[in-house]
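Notes follow the structure.
The analysis underlying the following values was restricted to heavy atoms, covering all of them including side chains, and did not include hydrogens, waters or symmetry mates.
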Amino acid sequence: MKNFIFFLCISVILFASYTGIRSSSASTKGINLVALGDSITHGVGDPAKKGYIEDVKVKLEDLQNTPVKLSNFAIPRYSTDKVLEQLQDKKITAQIKQANYIILFIGTNDFRKSADYQFNPLDVKKINEGKVTFTTNLNKILENIRKGNPWAPIFILGLYQPYVEYSNHKEILSTITDWNNGIIEVAGNFQRTSFVPTLDLFQDKPKGTYFSDSLHPNPAGYKLIANRLSEKVLNEISSN
């Protein structure tokens, strides 16, 4: 009986030590966060050039009590065709392969180009043609990401409406909503891929409070995006 109790105690100690080591290892392993996109993810409009993605990184580190490695490959003026070119870069694909979470915020420049940078009036035919090209490219982007990383959750941010100064701003809003519906449809074709809306974040709010110029948010605007995205990522973490 004494021998049994002795071995039982030893077993409990060893099990506690093992689980403690596993827990410690998990907490120090860290999170790999990869971001792709254009000037918005790059942080243009924020004097510190941190944008929303650095704020997400800090929130994850604080709330998860673990280091976060951020690889931000966003480049100003990029559109979906340029991101497709990026995905041929072995350095970028290597980071995607190791990513725990992937952020994609692209489409603003696709939309602007399809409108020939003229928003009043809108050339509906050209914009609809641009949407087809955009959603086709977006689908290819996600296919490429999933080839390199089948499991990491992907968060695709939707487009917002910064063109509130135009008299046809309601028409522009409706058009951007249609583009966002295209993003939702494409995202639905891929597992563990979530759409993160941003359109509502700036609606009915003074543009001067949240934007640094006609297109890019200021730190306050980026904070709104960061809070929304952080909530989505943390919900994903807590559900696993």
Side-chain angles (χ1 to χ4, degrees), residues 30-83 85-86 89 91-92 95-96 99-113 115 117-119 154-166 169 172-173 176 179-180 183 195-234:
I31 295 172
N32 288 324
L33 182 66
V34 170
L36 299 162
D38 51 34
S39 57
I40 301 168
T41 301
H42 186 77
V44 172
D46 177 4
K49 292 293 186 291
K50 293 181 178 181
Y52 73 88
I53 198 67
E54 287 284 348
D55 196 13
V56 171
K57 173 183 181 291
V58 171
K59 284 180 181 295
L60 289 178
E61 286 179 331
D62 289 346
L63 295 175
Q64 294 299 302
N65 193 29
T66 189
V68 174
K69 176 190 175 185
L70 171 62
S71 300
N72 187 356
F73 298 111
I75 296 179
R77 300 182 182 177
Y78 259 31
S79 48
T80 49
D81 57 334
K82 291 296 185 181
V83 173
E85 290 178 12
Q86 274 189 311
D89 186 323
K91 292 181 180 179
I92 293 176
Q95 292 300 319
I96 288 174
N100 299 111
Y101 301 96
I102 299 167
I103 311 301
L104 177 62
F105 196 171
I106 197 71
T108 295
N109 292 315
D110 296 76
F111 176 78
R112 290 169 62 81
K113 288 176 183 178
Y117 304 97
Q118 300 293 325
F119 306 105
I154 302 172
F155 299 89
I156 307 179
L157 284 84
L159 309 182
Y160 54 78
Q161 206 302 58
Y163 314 104
V164 293
E165 64 271 22
Y166 290 89
H169 61 89
I172 299 173
L173 176 64
I176 292 176
W179 276 56
N180 281 335
I183 298 174
F195 174 78
V196 182
T198 65
L199 190 60
D200 62 305
L201 294 178
F202 303 106
Q203 279 186 272
D204 302 320
K205 293 178 182 176
K207 186 170 181 178
T209 302
Y210 295 99
F211 282 79
S212 64
D213 55 30
S214 62
L215 180 64
H216 300 97
N218 59 19
Y222 279 125
K223 189 80 172 178
L224 295 179
I225 298 173
N227 289 342
R228 171 67 56 80
L229 179 56
S230 297
E231 180 183 0
K232 295 289 185 180
V233 176
L234 289 167

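A heavy-atom distance below 4.5 Å is not found between the side chains of K50 and D55. Residues I53 and F105 have side chains not in contact (no heavy-atom distance under 4.5 Å, counting atoms from C-beta outward). K82 is not listed as a side-chain neighbour of N109, based on a closest heavy-atom distance of 4.5 Å or more. Here the side chains of Y78 and Q86 are in contact, with some heavy-atom distance below 4.5 Å. No side-chain heavy atom of P217 sits under 4.5 Å from any side-chain heavy atom of P162. You'll find the side chain of L215 reaches within 4.5 Å of the side chain of T108, heavy atoms only. Within the 4.5 Å cutoff, no side-chain heavy atoms of T198 are placed close to those of R228.
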- Message: Run the side chain to side chain contact (heavy atoms under 4.5 Å, CB included) test on W179 and D110 for me, step by step, so that the C-alpha distance in whole Å, both residues' side-chain angles and the decisive distance to 0.1 Å come before the verdict.
- Response: CA-CA 10 Å; W179 276 56; D110 296 76; 3.9 Å; yes

- Can you check side chain to side chain contact (heavy atoms under 4.5 Å, CB included) on I225 and F202, steps first, answer last? CA-CA 10 Å; I225 298 173; F202 303 106; 4.1 Å; yes

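For the atom pair H216 NE2 and D46 CG, the distance stands at 12.0 Å (nearest 0.5 Å). Rounding to the nearest 0.5 Å places CG of L104 at 9.5 Å from CG of D38. A distance of 9.0 Å separates CG of L224 from CG of N218, quoted to the nearest 0.5 Å. Between atom CD1 of residue I156 and atom CG of residue L36 there is a gap of 11.0 Å, rounded to the nearest 0.5 Å. Rounding to the nearest 0.5 Å gives a distance of 9.5 Å between CD1 of I106 and CG of L159. Here the CG-CG distance, from L234 to L229, works out to 9.0 Å after rounding to the nearest 0.5 Å.
Of all the heavy atoms in K207 and S214, the pair that sits closest is NZ-O, 2.8 Å. Residues H42 and A74 share a closest heavy-atom pair of ND1-O, 3.3 Å. The minimum heavy-atom distance between V34 and A99, with the atom names listed, is CG2-CB, 3.6 Å. In terms of heavy-atom proximity, S212 sits nearest to G45 at OG-CA, 3.1 Å. Nearest heavy-atom pair, K91 versus D89, reported as atom, atom and distance to 0.1 Å: N-OD1, 2.8 Å. Of all non-hydrogen atoms in K113 and R77, the two that sit nearest each other are NZ-O, 4.4 Å.
Put simply, the residue from Y163, Y160, Y222 that forms a ring pair (Phe, Tyr, Trp, His ring centres under 6.0 Å) with F211 is Y160.
In this structure, the side chain of K59 does not engage the main chain of N227 through any donor-acceptor pair within 3.5 Å. Remark: side-chain polar atoms of Q161 are paired, donor with acceptor, to backbone N or O of H169 under 3.5 angstrom.
K232 NZ: 12 or fewer foreign heavy atoms inside a 6.0 Å radius.
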